[in-house]
Amino acid sequence: MPELPEVETIKKDLEKYILGKKITKVKINRPEVIKEPEPLKFKKELCNEKIKETIRRGKLLVLKLKENKFLIIHLRINGWLKYGREEEKARVIFQLSDGNCLNYIDSRLLGHLRLRKSYQDLDFVKRLGPEIFDLTPIQFKKMLREKKANVKSLIMDQHFLAGLGNIYAQEALFLAGIDPRRPANSLKDKEAGLLYKEIKNVLTEAIKYRGSSVDAYRDSRGQKGGMEKRLKVYKKNKKPCLRCQAGLEKIKLAGRGTCFCPKCQK
DNA sequence: CGGGGCTCCTGTGCGC
DNA sequence: TGCGCACAGGAGCCCC
C-alpha cells in the first residue's frame, strides 16, 4: 500500500500527534509482525520510552526513541497506523502517555516491526537507493544509462531509487509519455530528464493530497487520502487515456500489473 | 545482470 | 447466493 507520499503523510502527522509522548504499554495481538527482538523483549524495551523524532527513508517509517533505540516500521502492502482509541483489529497497540494509542493495523500481516540500536545499519536500509529529491537530473540520467532493465521495474526497485511503488511508477511514466517496457538505457537524454521531473511532480502532488487511498490506506486519523481521484492510469485498464482518448492497456512487468497508454507512451 | 515465478498473508471483486 | 479464482500499494528468494 504505502509508497513514499503515504509514508511521508504518516510521518508528518505522527510528528504532530505523538512527538514527545511516552509509550506506556505495548499490546501484541499478532507476534509474527515483530521481527526483532522477541516479542517479550520488544515490549519491555519500549515501555517508558519517549518518541523523540519521526523519520522517513524511502517507504520506511522510523520512530527515534533514543540515540541508540529506533522503532522501525515497514508497512509493506497493507499496513497503516491509527492514532486515537484502541482498535480491536490492531496487530500491535502502543499505549501512550496522553491516554491515546498508536494502533498498528495490517490485515495481510506482511508488514514488519523492529526495535534496533540503529536503523541505518539494517541491510534493507544499507541497500536502499537514493531518493529522487536528493538527485540532480544529471545524476538520474547517468543512473538510467547504466541499466538495461525495463524502466518501470527499475524505478520501483528500491535498490535503484527509494520510495516509488507500483502506483507512482506507472503514473510518472504516463506523465512523461514513456512506454514502461523500454530498457532504461534506451531513453534519450530529454526523455530521462522528463521522467526525472515527472517522478518529482507526481510525488510532490501526492504528498500535497495526503496520499492515495486505493484500498486500505488511511492516514493516522483514519481519513482517506485525496490523491486516488487524481491518478491517471493506475488500475484504469480499458479506460480512455486522458490525453489522447485511446484505450489504456494492462500488461505485467516483473509480475506487477502495469497500465499505460499504448498510443501516447512511446 | 535481468526477469519470471513463487512466497509470506488476508480481503475483495468478478465471472459462472 | 455461493464458489473459485485472480489480483492487490512490497520485497526477498531461487532459478534459468
Side-chain angles (χ1 to χ4, degrees), chain A residues 1-10 29-36 56-61 72-81 87-92 104-114 122-129 143-174 180-186 199 202-203 205-207 209-219 224-238 250-259:
Chain A
M1 156 209 95
E3 303 180 31
L4 186 151
E6 289 76 24
V7 180
E8 181 65 18
T9 302
I10 296 169
N29 292 334
R30 292 298 290 259
E32 63 266 48
V33 303
I34 315 286
K35 299 303 168 188
E36 65 176 310
R56 180 191 61 74
R57 174 76 176 94
K59 306 175 192 173
L60 202 65
L61 180 70
I72 303 161
I73 303 170
H74 199 315
L75 300 162
R76 294 283 198 111
I77 286 185
N78 246 9
W80 58 289
L81 289 160
E87 295 283 328
E88 211 169 309
K89 63 183 169 188
R91 305 308 195 182
V92 179
Y104 173 69
I105 302 172
D106 182 0
S107 61
R108 284 173 74 176
L109 293 165
L110 293 173
H112 298 168
L113 303 188
R114 295 191 151 83
L122 197 61
D123 255 9
F124 174 79
V125 176
K126 281 195 275 189
R127 299 175 58 200
L128 276 179
M143 286 164 63
L144 285 183
R145 278 199 304 270
E146 288 166 355
K147 299 282 181 181
K148 59 179 180 183
N150 71 73
V151 63
K152 189 258 186 172
S153 301
L154 184 66
I155 59 175
M156 61 180 283
D157 177 350
Q158 301 304 296
H159 309 312
F160 179 78
L161 188 69
L164 275 195
N166 204 22
I167 295 182
Y168 299 115
Q170 291 172 57
E171 294 296 316
L173 286 162
F174 172 77
R181 296 166 292 192
R182 293 265 302 277
N185 61 6
S186 77
I199 291 174
V202 76
L203 291 179
E205 183 186 8
I207 291 169
Y209 285 91
R210 303 181 55 77
S212 301
S213 293
V214 171
D215 187 12
Y217 172 73
R218 297 293 182 272
D219 70 17
K224 282 189 166 193
M227 187 64 189
E228 68 278 3
K229 297 184 205 78
R230 312 180 73 84
L231 299 177
K232 309 218 168 24
V233 287
Y234 177 72
K235 271 191 180 172
K236 300 210 188 304
N237 186 23
K238 293 181 182 161
K250 183 175 177 182
I251 54 169
K252 281 212 172 203
L253 280 177
R256 310 299 299 276
T258 306
C259 290

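Letters A, B, ... mirror the listed sequences (proteins, then strands); counts begin at 1.
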Which atom names give the shortest non-hydrogen contact between A:G111 and A:D106, and what distance separates them? N-OD2, 2.7 Å

Starting at OH of A:Y168 and ending at C1' of C:dG10, how long is that distance when rounded to a whole Å? 15 Å

What is the 5' to 3' range of DNA chain B, first to last nucleotide, that sits under 4.0 Å from any heavy atom of chain A? B:dG2 to B:dG11

Separation between the P atoms of C:dG10 and B:dC1, rounded to whole Å: 23 Å

To the nearest 0.5 angstrom, please state how far the CG atom of A:L203 sits from the CE atom of A:M227. 9.0 Å

Ignoring hydrogens and angles, state whether a donor on the side chain of A:E6 or A:Y168 is under 3.5 Å from an acceptor on the partner side chain. yes

Identify, with sequence neighbours excluded, every residue that meets side chain to side chain contact (heavy atoms under 4.5 Å, CB included) alongside A:E87. A:K82, A:R85, A:K89, A:A90, A:N103, A:I105

Restricting both atoms to N or O, compile the protein contacts to nucleotides 13-16 of chain C shorter than 3.5 Å, with distance only.
none

So how far is it from A:L61 CG to A:I10 CD1, rounded to the nearest 0.5 Å? 6.5 Å

Should B:dC6 form a Watson-Crick or G-U wobble pair with both distances under 3.5 Å, which nucleotide is its partner? C:dG12

Is there a side chain to side chain contact (heavy atoms under 4.5 Å, CB included) between A:H74 and A:K35? Walk through the geometry before answering. CA-CA 11 Å; A:H74 199 315; A:K35 299 303 168 188; over 6 Å; no

May I ask you to list the residues of residues 151-161 of chain A, by number, that have any heavy atom positioned under 4.0 Å from an atom of DNA chain B? none

Will you find, in the side chains of A:N78 and A:S107, an N or O donor that is under 3.5 Å from an N or O acceptor? yes

Return the polar atom pairs (N/O with N/O) between nucleotides 5-8 of chain C and the protein under 3.5 Å, or none.
residue : atom : partner : partner atom : Å
C:dA8   : OP1  : A:K250  : NZ           : 3.0
C:dA8   : O3'  : A:Y234  : OH           : 3.4
C:dA8   : N3   : A:R108  : NH1          : 3.0

Taking side-chain hydrogen bond (donor to acceptor under 3.5 Å, both in side chains) as the test, write out the residues that go with A:K152, two or more places apart. A:N166, A:T258

Show, in sequence, the C-alpha distance, side-chain angles and deciding distance for A:L253 and A:R181, and conclude whether the side chain to side chain contact (heavy atoms under 4.5 Å, CB included) test is met. CA-CA 8 Å; A:L253 280 177; A:R181 296 166 292 192; 4.1 Å; yes

If I take atom OH from residue A:Y209 and atom NZ from residue A:K229, how far apart are they, to the nearest 0.5 angstrom? 10.0 Å

Any A:H74 side-chain N or O less than 4.0 Å from OP1/OP2 of C:dA11: yes

Rounded to whole Å, how long is the line connecting atom CZ of A:F124 with atom C1' of C:dG12? 10 Å

So CD of A:E36 and CD1 of A:I72: to nearest 0.5 Å the spacing works out to 7.0 Å

Considering only the C1' atoms, how many Å lie between C:dC3 and B:dC8, rounded to the nearest integer? 25 Å

Distance, P atom - from B:dC9 to C:dG2, rounded to whole angstrom: 28 Å

Assess whether side chain to side chain contact (heavy atoms under 4.5 Å, CB included) is satisfied between A:L4 and A:R56, documenting all intermediate values. CA-CA 8 Å; A:L4 186 151; A:R56 180 191 61 74; 3.3 Å; yes

CZ of A:R91 to CD of A:E32, rounded to nearest 0.5 Å, is 7.5 Å

